[in-house]
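Report on one structure; see the data block that follows.
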There are 2 protein chains.
Amino acid sequence: MSIRAVAARAGVSPATVSRVFTQPDAVALETRRRVLAVADELHYTPHPVARSLARGCTGNLGIVVPDIANSFSAVVTKAVQQEAARDGYALFVSGSDELARDEEQWARAMAPQVDGLMLVSPLMSDDALRALGPTPLVLSNRLLDALPSVVTDATEAVGHAVEHLAALGHREIVYLAGPEGFANTMRVRGYDGACRRLGLRPRRLGPFNARFSDGVRAADLVLATPATAVVAYNDEVAVGVLNRLVDRGLRVPDDLSVVGVDDTSLAEMVTPRLTTVRLPAAESGRAAVRMLLDVIAGRPGPDGPLLLQAELIVRSSTGPVRVHE
Amino acid sequence: MSIRAVAARAGVSPATVSRVFTQPDAVALETRRRVLAVADELHYTPHPVARSLARGCTGNLGIVVPDIANSFSAVVTKAVQQEAARDGYALFVSGSDELARDEEQWARAMAPQVDGLMLVSPLMSDDALRALGPTPLVLSNRLLDALPSVVTDATEAVGHAVEHLAALGHREIVYLAGPEGFANTMRVRGYDGACRRLGLRPRRLGPFNARFSDGVRAADLVLATPATAVVAYNDEVAVGVLNRLVDRGLRVPDDLSVVGVDDTSLAEMVTPRLTTVRLPAAESGRAAVRMLLDVIAGRPGPDGPLLLQAELIVRSSTGPVRVHE
DNA sequence: GTGAAAGCGCTAACAT
DNA sequence: ATGTTAGCGCTTTCAC
């Protein structure tokens, strides 16, 4: 089942067989038919590894995400895989578990066996990132030098969330910070900015891990403040808050309004449905793949990062502030 | 940055450089040091593709799951990636979107560039599966010939769920079927068996897609029956039911008891917390990788499938049947 | 302990 | 339109 076996059996040279599979039009119809027949008979398929070596490109892409099982990462990964598939690329996936060291290690391990690499919310050092240089690279939710990147700007939408709460009469709105990084920075900026514009006193708690359990923990901390509304780092944290409130016999949004960020499927599954800032996860994955393919093909990408917009989705976890009894 | 460049610079032959990276002990300490120094200086790393070609193995594994973004699949994938990483394997991931054709296509595309392939709940034909033969293969949640597989048997645990409900006084318990396949078959078997043992009349609805939205739809169908309890195909469907019930002003478990299957993180995030059958997703992923590595290494695996046990987790979505007013 | 040489399976000039 | 040739970068006998 090597190219030579097929060539011999079809009475042609290996080069011809190769052509049949790479540029069929360059081969006479008759010859092509014969080769194809033999290939079929012998169950021959060009060996992708050998092909990669000879061609100098692999037909593979790689992605490293913070956490494969996280629903946001998973949605991005799915979109990336599908978009990559449309162009015939297979996908390596690995999770860093939020460890800069593992992340860097994976990126380095993948680099030589992919045509391009996509790093989602990478937390490795700038230098480590630059050292990946020779491999076509696209960053998601991180800016560095002129590296191509796709970035979702939640600043404005988080601002909208705060305005939304203020319009409902809330004067004490607390922000539950997530792990330090690009994403949290944008959200803080939106929160602080809106508070300033509205004349509210910003109050931040955290940082918390972007987990349900940390949301549960955060809830009690929130209740120890005069806050009547919470903007959480993401949906999971927000749902953690929701749960703890219910357990303490409080009602959402009557006693406390809660806003999340991400708009994962979770947001519509909980009671009450979560008001949240929608981040275009799938779209950002698809966009990143297209940028990556551009880089690989040597096409000039847009200069500067591709900016995607977030959007406030109002559901039932936010409501008018309760009049103090 | 090829092996020859390093060899030249270190004043040794390429073979020696190769040995330094593959069997360091076979090289004199002094030589090894020199080679390593040069390699470091030149940022040399053995090219994995060339290595694969020469060695005849790639150091990669592949997995194809029904849906990358599904939280159960995602947990399996994460566990597989981590376990594979422990043995130095990188992982190709692809999703079939429940399409037998795509699934088969991916499996075939991956096969020649991985050392082993893992198929989760595959739905391609037996013959297509057999044709993948030459590549080391492990199946998850599917049985075929003597192919190695890891299977979670939910039969017994679903039976426990029914017994649990019966003990709470429920006599009308409906099962919401999922998509036809191995998983659903096991659950039906557990449900039917328990109903028979307990003298209850089995009542099945569906099949439904294993989605939240189908759970929402199913809820109304359930309410059109005399059922006081529901066993849903999985947690997502169960949560869909939960949501619709709340919207219709009913209370869980007072008006209806609900049981899910999977024990995804969702189960503890909803209100009330979901009683569910826990499937050991991560463990099954890890076990599958170990089996796969055994096959690859030519070690004799266990004959027959590896059976993992499911377990009923009782939470707050099930309670005593309400006495008819 | 180290080197020379052959080859993994394919592609891509270059010839014809 | 097809064949010849020379690698892609590495590993691995087989000598020394």
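Worth knowing before you read on, the calculation uses all heavy atoms, side chains too, and leaves out hydrogens, waters and symmetry mates. Small disclaimer: the values here were computed from a predicted structure and weren't measured. Protein chains get the first letters and strands the later ones, always in sequence-line order, with residue 1 at the start of each.
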Could you go through nucleotides 6-8 of chain D and list every protein N or O atom that sits under 3.5 Å from one of its N or O atoms, giving the distance for each pair?
| from | atom 1 | to | atom 2 | distance (Å) |
| --- | --- | --- | --- | --- |
| dC8(D) | O2 | Ala54(A) | N | 3.3 |

Check every nucleotide of DNA chain C for an atom under 4.0 Å from a heavy-atom of chain B, then give the first and the last such nucleotide from 5' to 3'.
dG1(C) to dG9(C)
Min side-chain heavy-atom separation Tyr89(A)-Val289(A) under 4.5 Å:
no
For DNA chain C, the residues among residues 12-23 of chain B that have a non-hydrogen atom under 4.0 Å from it
Val12(B), Ser13(B), Ala15(B), Thr16(B), Arg19(B)
Any side-chain heavy-atom pair of Val76(A) and Ser73(A) under 4.5 Å:
no
Taking the nucleotide of DNA chain D with the closest heavy atom to each, which residue, Leu29(A) or Ile3(B), is nearer the 5' end?
Leu29(A)
Separation of dT12(D) C1' from Arg51(B) CZ (nearest whole Å)
13 Å
Residue that, paired with Thr31(B), satisfies side-chain contact (heavy atoms from CB on, under 4.5 Å) out of Val17(B), Leu36(B), Val12(B), Val20(B):
Val12(B)
Could you go step by step and tell me if Asp25(A) and Arg19(A) meet the salt bridge (Lys or Arg N to Asp or Glu O under 4.0 Å) rule?
CA-CA 8 Å; Asp25(A) 298 332; Arg19(A) 283 188 198 102; over 6 Å; no
How would you label the contact of Thr31(A) with the nucleic acid (heavy atoms, under 4.0 Å): base, sugar-phosphate, or nothing?
sugar-phosphate
So Leu139(B) and Pro148(B), do their side chains get closer than 4.5 Å, heavy atoms only?
no
Yes or no on salt bridge (Lys or Arg N to Asp or Glu O under 4.0 Å) for Asp87(A) and Arg290(A), after CA distance, side-chain angles and deciding distance?
CA-CA 10 Å; Asp87(A) 282 71; Arg290(A) 285 192 299 266; over 6 Å; no
Worked verdict on Leu143(B) versus Ser149(B) for side-chain contact (heavy atoms from CB on, under 4.5 Å)
CA-CA 7 Å; Leu143(B) 264 13; Ser149(B) 62; 3.4 Å; yes
Atom CD of Glu98(B) and atom CG of Asn70(B): how far apart are they, to the nearest 0.5 Å?
8.0 Å
Decide, yes or no, whether a salt bridge links Arg55(A) with Asp115(A) under the criterion of side-chain N to carboxylate O below 4.0 Å.
no
Kindly check if the number of other-residue, nucleotide or ligand heavy atoms within 6.0 Å of CZ (Arg86(B)) is above 12?
no
